[in-house]
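Right, one structure below, let's go through it.
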Amino acid sequence: MDALYREEILEHYKYPKNRGKIEKPDITSFDTNPLCGDECRIDLKIEGNRVKEIKFDAKGCAISQAATSMLTEMIEDKSLEEIKKIGKKELLEELGLELGPVRLKCALLCLKVLKSGVYGIKDWPT
Amino acid sequence: MPLPVETIRQDFPILSRKINGYPLVYLDNAASSQKPKHVIMAMTAFYQASYANIHRGVYTIAEEATELYESAREHIKNFVNARASQEIIFTRGTTESINLVARSWGDKNIQAGDVILLTEMEHHSNIVPWQLLAERKKARLKYIPFDEKGRLNLENLDRLLEGCKITAFTLASNTFGTKNPAKEIIRKARAKGTLVLLDAAQAVPHQNVDVVDLDCDFLAFSSHKMLGPTGIGILYGKKELLEKMDPFLGGGEMIKTVQWDHSTWNDLPWKFEAGTQSIAEAVGLKAAVDYLHHLGLKKIAEHEQSLVRYAMERLHEVEGLTMIGPPASERVGLVSFYFKDIHPHDVAAVLDRNGICVRAGHHCTMPLHKKLGLEATVRASFYLYNAKEEIDLLIDALKEAARFFRK
């Protein structure tokens, strides 16, 4: 069990970073995972093309919550160009988990939401 | 004599598998059942000895294959007590069976403004085909509501049946486990001249289903939930209705004659069986039906009833766990539940670490979950090979999950 829910994952799940909403976000993006009903919203405040503030509001399992929390940490202070370079590989490395195809969707919803926000695209392909 | 569970377990090769060093505890039977060696061997033997395409060849193995395929139909006919084997149509599964009726019967008989009556506890496969039909025909969908215990509220049934051409509902809910009062609904539907389709996917594998006694017009179920292979299912339909319906799919075998500009249709049931069918699957399904018949559906139902009663008693012990649906006595052998503070996926992941297979999600009943204000639940569903000891393992693992995520 510890292989899936290692300490750091549980830590992010129980005490997520950057949870909440931004009053007037420059970028906001929302999506769901119809398979399990997970929901994820990410709000960004941008200053000089860099992330000034980030908040997320999400419903879902421990993996999806932890992944979203970690992703928001990864992009603090990053430029939009740098964010565009973050992919599935980078997020999964940060998570440090080997996930099957079903749980992978839990972990990657936040990335889909972030990317579609940053690119201003509604339907980002997973 | 109760069901000989220990002997039965020997018949299912997969049950001796270990997951993470733990014995496999398979509690996802409402999604799909495991297969006894009788089914696996019947299919293997067929491929090794008699495989050929059916209805066409004049050589020995083609005749053997045809005979086996048609005798599977005969076994199904007896299993659900249909009057004639022409009333048993092989499809790919419950979903296709319902789609067949929605298309072939629906397109011909449903008009703008007609009502199609479903219930709020239907599986998506008994909602979406009707939504598509309603859209094509500008018909209206209505739903029989369920109450806080997951029972159908039939108070306004007569009113809901006004202007209703067909009602389609499940014999047993795949999420609540509720056994629905089918006969009462059918009686009232009959009085209004409304046709009835029963989704029997969660019923036929677990209890005696008699289409004559029920007096339904259509009945749909799947092989893979009743110990048989995937890729094959059944539509039962009253002969006089099926005869008046147009074909669902066009192609080989479903025709009598084909000319450049038109064709004529084959007799029942082949009119609805276009293309090469799932032949080995029919052979496997026949073996599954024989297996179930040999043990007796009544005994199987009693065994599952005792399992669900025990499971619900013990689930009460788990802190923070809420069950949905009616009391055990009104259920088939399944129970869905949730923790307020632990996501169903996380529960299922912890159970999987202990070799326990349950379903976590919306079980293809999204509107039902939405009405309850839930995104998802965990479901444990039982079958003839499940033992009380497996429920004990489930309870231990649930307690462990609760500890783990709350520590």
Side-chain angles (χ1 to χ4, degrees), chain A residues 1-17 19 30-42 56-72 91-92 95-113 126, chain B residues 19-22 28 31-32 123-124 127-128 175 320 324 336 338-379 393 396-407:
Chain A
M1 192 147 75
D2 293 342
L4 185 56
Y5 295 105
R6 57 192 187 82
E7 205 52 46
E8 204 189 343
I9 301 281
L10 277 180
E11 205 57 30
H12 273 275
Y13 167 59
K14 286 176 186 165
Y15 311 103
K17 303 282 158 43
R19 187 186 266 284
F30 173 84
D31 208 345
T32 62
N33 178 351
L35 282 175
C36 49
D38 286 1
E39 294 178 0
C40 177
R41 176 186 305 284
I42 294 180
F56 80 93
D57 186 20
K59 278 194 267 187
C61 63
I63 302 294
S64 80
Q65 297 288 297
T68 314
S69 171
M70 286 166 122
L71 180 68
T72 62
L91 178 60
L92 292 179
L95 273 168
L97 297 178
E98 293 271 339
L99 294 172
V102 178
R103 298 310 293 276
L104 203 55
K105 288 209 165 80
C106 303
L108 295 179
L109 176 64
C110 59
L111 187 65
K112 182 182 172 188
V113 170
T126 34
Chain B
I19 306 283
N20 302 316
Y22 296 94
D28 196 17
S32 200
H123 186 283
H124 295 165
I127 297 178
V128 184
T175 305
I324 61 170
S336 299
Y338 63 95
F339 291 92
K340 224 181 223 139
D341 52 347
I342 312 172
H343 193 281
H345 273 180
D346 294 320
V347 177
V350 174
L351 297 186
D352 176 55
R353 289 295 187 269
N354 292 280
I356 301 169
C357 314
V358 293
R359 193 58 174 270
H362 50 60
H363 325 309
C364 291
T365 54
M366 279 172 102
L368 178 157
H369 278 83
K370 199 165 182 195
K371 178 170 169 173
L372 297 175
L374 300 168
E375 273 104 53
T377 51
V378 181
R379 179 183 69 193
L393 294 172
D396 290 346
L398 285 171
K399 288 178 178 170
E400 185 192 330
R403 269 198 308 276
F404 183 75
F405 285 103
R406 292 189 187 130
K407 75 180 174 199

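Only heavy atoms go into these numbers, but all of them, side chains included; no hydrogens, no water, no symmetry mates. Everything quoted here is computed from the prediction, not taken from an experiment. All chains are named by letter (A, B, ...) in the order of the sequence lines, taking the proteins before the strands, and each is independently numbered beginning at 1.
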The side-chain contact (heavy atoms from CB on, under 4.5 Å) partner of B:Asp346 among A:Cys106, A:Cys61, A:Ser64 is A:Cys61
Applying side chain to side chain donor-acceptor pair (under 3.5 Å) to B:His362 and not counting sequence neighbours gives none
Rounding to 0.5 Å, atoms CG (A:Asn33) and NE2 (B:His345) come to a distance of 7.5 Å
Applying side chain to side chain donor-acceptor pair (under 3.5 Å) to B:Asn20 and not counting sequence neighbours gives none
Could you tell me whether B:Lys370 atom NZ has more than 12 heavy atoms of other residues or ligands within 6.0 Å of it?
no
_Less than 4.5 Å apart, side chain to side chain, heavy atoms only: is that true for A:Ile63 and B:His343?_
no
In this structure, CZ of B:Phe405 is separated from OH of A:Tyr13 (nearest 0.5 Å) by 6.5 Å
